[in-house]
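Just so we're on the same page: letters track the sequence lines, and every chain starts at 1.
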Amino acid sequence: MTNKVKVVLGVIGADCHAVGNKILNHAITAAGYEVINLGVLVPQEEFVNAAIETDAKAILVASLYGHGEIDCRGLRDRCREAGIEDIRLYVGGNLVVGKTDFKKVEQKFLDMGYDRVYEPGTLPDKVIADMNEDLK
Amino acid sequence: MTNKVKVVLGVIGADCHAVGNKILNHAITAAGYEVINLGVLVPQEEFVNAAIETDAKAILVASLYGHGEIDCRGLRDRCREAGIEDIRLYVGGNLVVGKTDFKKVEQKFLDMGYDRVYEPGTLPDKVIADMNEDLK
Amino acid sequence: MELKNKKWTHDEFNAIRQEVLAQWPTGKDVDFEEAVKYHENIPAKRHFAKRLVKAKKNGDTLTQPRAGVALIDEHINLLNFLKTEGEADLLPTTIDSYTRQNQYKEAQNGIEESLKAGRSLLNGFPAVNHGVTGVRRVVESVDAPLQVRHGTPDARLLGEITIAAGYTSYEGGGISYNIPYAKSVSLERTILDWQYCDRMVGLYAEHGIEINREPFGPLTGTLVPPSVSHAVAVIEGILAAEQGVKNITLGYGQCGNLIQDIAAIRALEQLADEYMTKHGYSDCVLTSVFHQWMGGFPQDEAKAFGVISWGAAAAALAKATKVIVKTPHEALGIPTKEANAQGLRTTKQMINMLKDQAFPLTSELQAEIDIIKAETRCILNKVFELGSGDYAVGAVRAFEAGVLDVPFAPSKFSLNKILPARDNNGAVRLFDVGNLPFTPDLIAFHRDKMAQRGQAEGRQPSFQMVIDDIYAISKGYLVGRPR
Amino acid sequence: MELKNKKWTHDEFNAIRQEVLAQWPTGKDVDFEEAVKYHENIPAKRHFAKRLVKAKKNGDTLTQPRAGVALIDEHINLLNFLKTEGEADLLPTTIDSYTRQNQYKEAQNGIEESLKAGRSLLNGFPAVNHGVTGVRRVVESVDAPLQVRHGTPDARLLGEITIAAGYTSYEGGGISYNIPYAKSVSLERTILDWQYCDRMVGLYAEHGIEINREPFGPLTGTLVPPSVSHAVAVIEGILAAEQGVKNITLGYGQCGNLIQDIAAIRALEQLADEYMTKHGYSDCVLTSVFHQWMGGFPQDEAKAFGVISWGAAAAALAKATKVIVKTPHEALGIPTKEANAQGLRTTKQMINMLKDQAFPLTSELQAEIDIIKAETRCILNKVFELGSGDYAVGAVRAFEAGVLDVPFAPSKFSLNKILPARDNNGAVRLFDVGNLPFTPDLIAFHRDKMAQRGQAEGRQPSFQMVIDDIYAISKGYLVGRPR
């Protein structure tokens, strides 16, 4: 049995962008975490179930296709209902349709209950640095 | 002796952009005018003297290099002093340094006493159409 | 229904059609006979297939953007803007991601939320929800050839509605809209569902209506070697032609090395001609599409214009029939219509400046064409063999065996064993050929190319090299070297 | 002083130097000995010649903008902005047009009006008026190699002041800063005045200070055939080397046809090596500069980005040592610093994506190189003959005879008999070779190329064709065809 910190990784909703998911999986694993990678096209429910089953410390949600606003809403409530209200929620990607001021997008997702919000083009190193601060 | 309408053409000031000048010369001549082409690097005085000597109906001033504002100021006064105050003054090119709203540039040059002001990229046809309206 | 590469009978098709049209209430408004009549009155200038054939004849490269929003009027405005301000030759209707997953309820919700928000909360146009009448409003308000672009594994109902509404071109294919766009939908399923779409187009053809079909060339758009996407393109071309499709555009996504990109388009055209003729589909008209760089873009717009321009240059020099255009907002998500028009105008300027310049067939170019053709033939012939002479069956078995394998695919039906990386000149090669059925010569070619780069950089080819290559263009380079 | 291509003695130089430094009050602050010491402390990274040599060795193409404003602090801000935001490798100081005509009073007036207006009313930096102390503030506030770029027929005082102030590169030449930049200044005069500048640089070289010199390659920037500008470049290179210049960059302005542009840079490098060695100047280090399209630009910025990108691609594929960059505001006058930085970043992205891609030496490319070299040799050998073995004397006589002739030149000393136009592939040819001393083969080559285009367009080559070609790129095309 491993004593690595576990995190759940996946691309939410009807989104099938797989490249960043595979790279994040590789980079976060290399950084010493155990990654439960759900891949693409993941419903909210599956994120929560996987987190409960594996006792994960964080859920890393990606949304690349612009529907993030609709897809990501309510995930914090669902965690609360499932009894994992303290889990860290990270979200990143192209979260809205159209070029928007990132500060506004960030605030919107913070208000939805996410702990960290990443803008387009964020490299894995940045996410890992935050994980090291938050989860270790 | 020709009875063609005469116009004086030149590039004002310390400006040596010759290509547009040669094309305008060709196009205006082909349109049936007699062009007194002073070429590049023409001082105000030379424009006025040529207009008087040839009894030209218009002076066509080009300025491509951004100093137009300094170079073109006072030409109308000089014409007035020389007794050809009714001569038509046309000006065009890159008249100011930097990208500026053309409407403002136009107003500035109209205020200086020019009758027609052309923005960058104006084709000879447009100038000739105006000449046909003004001078024939 | 058992999967095989054989034209469906009318009975087979019609039996399924009723099911398909019942999937969502708008399906009942599809009336094939009426649709045929409707198409008969579409003028040539709005006819996708005719426009492509004319461009191919004249050696022109046409421009086409991606674009789609939730609501009809906004979508019409968007397309007309791209035509007038972007000078686009061909127009798309990009379908939203819910529709692509057949989640029509979620799409309906997106329409309603968009109405409330006063801006599109969907990343495309939910054509199934808008139905034939709604889609026809688009068709009748936009004076250009129109194509449906999406990424829908089961695109049968979407196809019925949009073609009946007057669209003259339909993108997709049983492999190219599964492997990069689905996670756990079987290939048997999607190939059958796309045989349906092709058979539907074939049915229109039987009634004298020519609809253009375009398999999706770039697949995952991420360091896909030309032979891998070409093999898929030729197979999908054959599957479509068997169902009676008469006008097909095969595609390729820019890799970034000019010689490889030009070679890829030429090889694709030659291979498609060769295989289609060999299998008895020589009456099918073929054209080509070049996709500007599909990978990560620089965030800076000025740098993005550089990437767009390089794609435009490669498309023009390769003489592709059309080019799919990116925008300076690419790195930042879905572009504004202004940015979309800018990408189109940059591309148009480049294409027009290059249209009179032929790229000479040099020995380097010929060598690259030969490599791509040799590799693609290895794959295609093995697929044919695995399928005992049937490309549909063969494709399924080939993916199981890794004979067909697409890098970075989300689908669990792609073996994901091959690993691509750039060589020292920036051409995309394989540092792990996985189970691709290459000859020892070809395997050695890739090994040598990778060794050459490894030596130049003083490191062994590894997954890190792949990651470096994936991020390279967004960081301003083609080859992801250690810096 | 009688014009001949012979190194000036120290006495000859010093006799004139006193006059030159007395032309404007700031001249008295030039102290050569002190300037040499100042240069000794300039670090390699700010040293133009060293940076170029390093780039040539590494096969890099460096980026350089054009930029200059009236006031010192604003000019410093501008240059630093272009370095940080534009990622420029080399920086310029473009001199204003009054200074170029030695109208220092008008320049002073421009400085004062700019102070009042709060924005630059001059199109460049009036370095003579700012003097050694003022110019050194720029040199010491900008951490990059700096070059003076201008267009000054008599640039002796400007050279004394800017080099003494620490500039490490100086553009210009007795032909290239007369014919396109003056109307009635004799060639004897400007060649003598530029011998002075070269001798001054040679004097620095004698004291161990290497200053880069760059004749202005594009001349009028308007459909100048490569052989015409190459002949001038090689002559100016020889004249500079004779006066003791040891580091020379020869230039060429993009014509737009990729094969011709790559061939032009390669031919220029080969011809310069050949003639410099032949005449005993083989100790002179040569590099090359490619100017992005110098003609009319599209007003639309997106289209301008396309033109800029194509220039960047040609520069990178030709492996020029540096590229002079245009901006998306080109059609609209002098650009904002933001637009200038955008042009630089687009160019940088393109160069970085292409740096690993060698353009193969195809038979078409070799044929074009051969043509350019043959034409240039015809001109150069005739110039040498007309000058009885002296290129300075020969150049003057050659312009009189039309053996050297620059299209669209404002100078009355250019015969203006040749007429260039594009051929059917967009390469710049001559439909009237004027008095250029070409062999019958070469004349026939141009005639055939023009006939080929005329046939394709169904019209005879005429001045209208030239006008169409001049406006073509700004209208979105390379070749100005009837539409």
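Considering only heavy-atom pairs separated by less than 4.5 Å from chain C, the leading option among D/D300, D/L258, D/V479 is D/D300. Of the listed residues (C/T362, C/L365, C/N257), the one with the most heavy-atom contacts under 4.5 Å to chain D is C/N257.
Using modelled atom types, one side-chain atom of D/Q357 and one backbone atom of C/G256 make a donor-acceptor pair closer than 3.5 Å. Although no hydrogens or angles enter the test, the distance criterion places a donor-acceptor pair under 3.5 Å between the side chain of C/Q349 and the main chain of D/I473.
Within 6.0 Å of CD in C/Q455 there are 12 or fewer heavy atoms belonging to other residues, nucleotides or ligands. No more than 12 heavy atoms of other residues, nucleotides or ligands sit less than 6.0 Å from atom CD of C/Q460.
Closest of all the heavy-atom pairs between D/T346 and C/A302 is OG1-O, 2.7 Å. Residues D/G476 and C/N352 come closest through the heavy atom pair O-CB, 2.8 Å. Summarising the geometry of D/E87 relative to C/K303, their closest heavy-atom pair is OE2-NZ, 2.8 Å, with the distance given to 0.1 Å.
With a threshold of 4.5 angstrom between heavy atoms, C/E338 does not approach chain D through any atom at all. For D/R481, the part sitting under 4.5 Å from any heavy atom of chain C is the side chain, from C-beta outward, and nothing else. The contact between C/P298 and chain D is made entirely by side chain atoms (from C-beta outward), counting heavy-atom distances below 4.5 Å. Both the backbone and the side chain of C/Q342 have a heavy atom closer than 4.5 Å to some heavy atom of chain D. Interface residue D/L354: only side-chain heavy atoms are found under 4.5 Å from chain C.
A distance of 11.5 Å separates CG in D/L478 from CE in C/M350, rounded to the nearest 0.5 Å. With rounding to the nearest 0.5 angstrom, the NZ atom of D/K355 is 13.0 Å from the CG atom of C/N425.
Of residues 304-316 of chain D, those residues with a non-hydrogen atom less than 4.5 Å from any non-hydrogen atom of chain C are, in numerical order, D/F305, D/G306, D/V307, D/S309, D/W310, D/A313.
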